[in-house]
Amino acid sequence: MQIYKFNSILKPVLWGGDKLVAFKQLPPCNEPIGESWELSAMPGFESVVAEGADRGLTLTQLVQRYGADLVGEDVYRRYGDRFPLLIKFIHAKRDLSIQVHPDDQMALRLHGCTGKNEMWYILEADKGALIHTGFNRQMSDEELDRRLAEGSLLEVINATEAQPGDTFFIPAGQIHAIGAGNLLVEIQQSCDITYRVWDYGRRDSDGNLRQLHVQQAHEALDFNARDGKVDYTPCDGQGVTPLLKCKEFTVSRVVVDDCYGLEMPRPHSFVAMVCIHGDVTLTAEDMDIVPMHQGETALVPATVNRLQMTGSAQLLLTTVPEK
C-alpha cells in the first residue's frame, strides 16, 4: 500500500462560485463550482486513486482489496467494504438552503443508509458571511409551519458571523445553512440525504421552484434550542489541536513548521488528511514520499505507525474513533 491521493470531483451548482478553483490552484473554470468531493465512496461519485500502483481504483475497490490494513481493524469490523466518511470542500457564493439531515434510524428506515452528522471548518469568509446552526429558542411543528408560510424562519435560527478557523458541529436533526461568502471543509458520514426546509423561493435552471422536503423535515428536526459552534484552544506554534470528537469521526488540526512527527492511531483506523494551507511532504516507513499542497487530500493506511511531516502547512486530520 501507499499514502493515497485521489482525483477531486468538482460539482457545479447554482449557488457556487470561483473560490474553490482558486483555492485548489486549478485551471480556470467557466461553471460555478460549489463543491469539490475529496474522499467519497458515494455511488456515482466515487473517488479514484490519482497515482501509484493502484491508480484508477475507486475508493471502494481499494477497501475491497486491502480491507482492515487500509481502513483499520475496528473500522472494517463496523463498516466492512463501505468507506464510512465523505470529505469535501464547499464554496457558497450564494446562500445555501435551510436544511436538516436524518439520523441513522430514520435514514435506514426511509433510505437504507446511514444518517448524517457533519462538521464545518471555515477556511475563508467574506465580511459579514454567516453560518446558521440550530434554533435560537424552543420551537414546535406549528410554529415551523407558520414561519415557513411567512418566510420568517431565519429569525429563529442562530446566526454567527464566520471567521477562518471557526468550527461547527451539525448533528443529525439540527437545522442549518451555509451563508453566502463562506469557503469551508465539510467532514461527514457517508450519506447524501438532505431535507430542504426553505430555499428563499428560488427557482432552478428550468424556472421551477426548488423541491422542499417539509414533511420529512418535521420528523427529522430537533426543535430544542442549541448552537453548533465548537470552542477549542489552538496549540501554540507547531503541533496538534483537537477540534471535535463524535462517535463517527474525530477531527484535529495540525500545524507543521519545518518538521513534525505524528503518531498514528493504528491499528483501529485510517487517517484522512486535508491540506488547508501551505505545502508539506509526508513520509511513512517504507512508503514513497508524498507531497501535499493546499487543497489536496490524502488517505493514510491504518498500518502506518508514524508519519513524518516536513514543510510549512496546516492540515485537518480525521479518524474514526474506537467503538
Peer 1: Under a 3.5 Å cutoff, is there a donor and acceptor pairing between the side chains of D222 and Q174?
Peer 2: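 No pair is found: no donor N or O on one side chain lies under 3.5 Å from an acceptor on the other.
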
Peer 1: If a pair satisfies ring-ring contact (aromatic ring centres under 6.0 Å, His included) and one of its residues is in residues 160-183, list it, with sequence neighbours excluded.
Peer 2: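 Residue pairs passing ring-ring contact (aromatic ring centres under 6.0 Å, His included), neighbours aside: H101-H176, W120-H176.
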
Peer 1: In terms of side-chain heavy atoms, does D95 have a donor or acceptor partner in Y200 at a distance below 3.5 Å?
Peer 2: no

Peer 1: Counting only heavy atoms from other residues, nucleotides and ligands, does the tally under 6.0 Å from CD1 of I289 exceed 12?
Peer 2: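 No, CD1 of I289 has 12 or fewer neighbouring heavy atoms, counting only those of other groups under 6.0 Å.
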
Peer 1: Checking D54 against Q61: is there a side-chain donor and acceptor pair closer than 3.5 Å?
Peer 2: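 Looking only at side-chain atoms, D54 and Q61 do not form any donor-acceptor pair under 3.5 Å.
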
Peer 1: Quick one: does any side-chain atom of Q2 pair with a main-chain N or O of E51 as donor and acceptor, under 3.5 Å?
Peer 2: yes

Peer 1: Salt bridge check, K229 against D166: does any charged N sit closer than 4.0 Å to a carboxylate O?
Peer 2: yes

Peer 1: If we ignore angles and hydrogens, is there a donor and acceptor under 3.5 Å between the side chains of S47 and E38?
Peer 2: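 No.
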
Peer 1: Report, as yes or no, whether the 6.0 Å neighbourhood of atom CG on N305 holds more than 12 heavy atoms from other residues, nucleotides or ligands.
Peer 2: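 More than 12 heavy atoms, drawn from other residues, nucleotides or ligands, come within 6.0 Å of this atom.
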
Peer 1: S40 and E46: side-chain donor and acceptor closer than 3.5 Å?
Peer 2: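 Distance-only check fails for S40 and E46.
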
Peer 1: Is the NZ or CZ atom of K11 both under 6.0 Å from the centre of the six-membered ring of W37 and within 45° of that ring's axis?
Peer 2: yes

Peer 1: Say whether, by atom type as modelled, one donor and one acceptor occur between the side chain of D126 and the main chain of A129 under 3.5 angstrom.
Peer 2: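 Not a single qualifying donor-acceptor pair exists.
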
Peer 1: Check this for me, if you would: do R77 and E73 make a salt bridge, where the nitrogen-to-carboxylate-oxygen distance has to be below 4.0 angstrom?
Peer 2: no

Peer 1: If the condition is ring-ring contact (aromatic ring centres under 6.0 Å, His included), which residues does F89 pass it with, not counting sequence neighbours?
Peer 2: F23

Peer 1: List for me each residue that meets salt bridge (charged side-chain N to carboxylate O under 4.0 Å, His left out) alongside R196, sequence neighbours excluded, and say none if there are none.
Peer 2: none

Peer 1: Just wondering, more than 12 heavy atoms not from R202 lying within 6.0 Å of its CZ?
Peer 2: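 Atom CZ in R202 is packed in, count exceeds 12.
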
Peer 1: Say you draw a straight line from CG of D199 to CD1 of I98; how long is it, rounded to the nearest 0.5 Å?
Peer 2: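 With rounding to 0.5 Å, CG (D199) is 8.5 Å from CD1 (I98).
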
Peer 1: Between R137 and E143, is the closest basic N to carboxylate O distance under 4.0 Å?
Peer 2: yes

Peer 1: Could you check whether any side-chain N or O of N136 sits under 3.5 Å from a backbone N or O of E155, counting only pairs where one atom can act as donor and the other as acceptor?
Peer 2: yes

Peer 1: Quick one: does T250's side chain have a donor or acceptor within less than 3.5 Å of a partner on V320's backbone?
Peer 2: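 The answer is no, because no donor-acceptor pair under 3.5 Å joins these two groups.
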
Peer 1: Answer yes or no: is there a donor N or O on one side and an acceptor on the other, between the side chain of K19 and the main chain of H91, under 3.5 Å?
Peer 2: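 Not a single qualifying donor-acceptor pair exists.
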
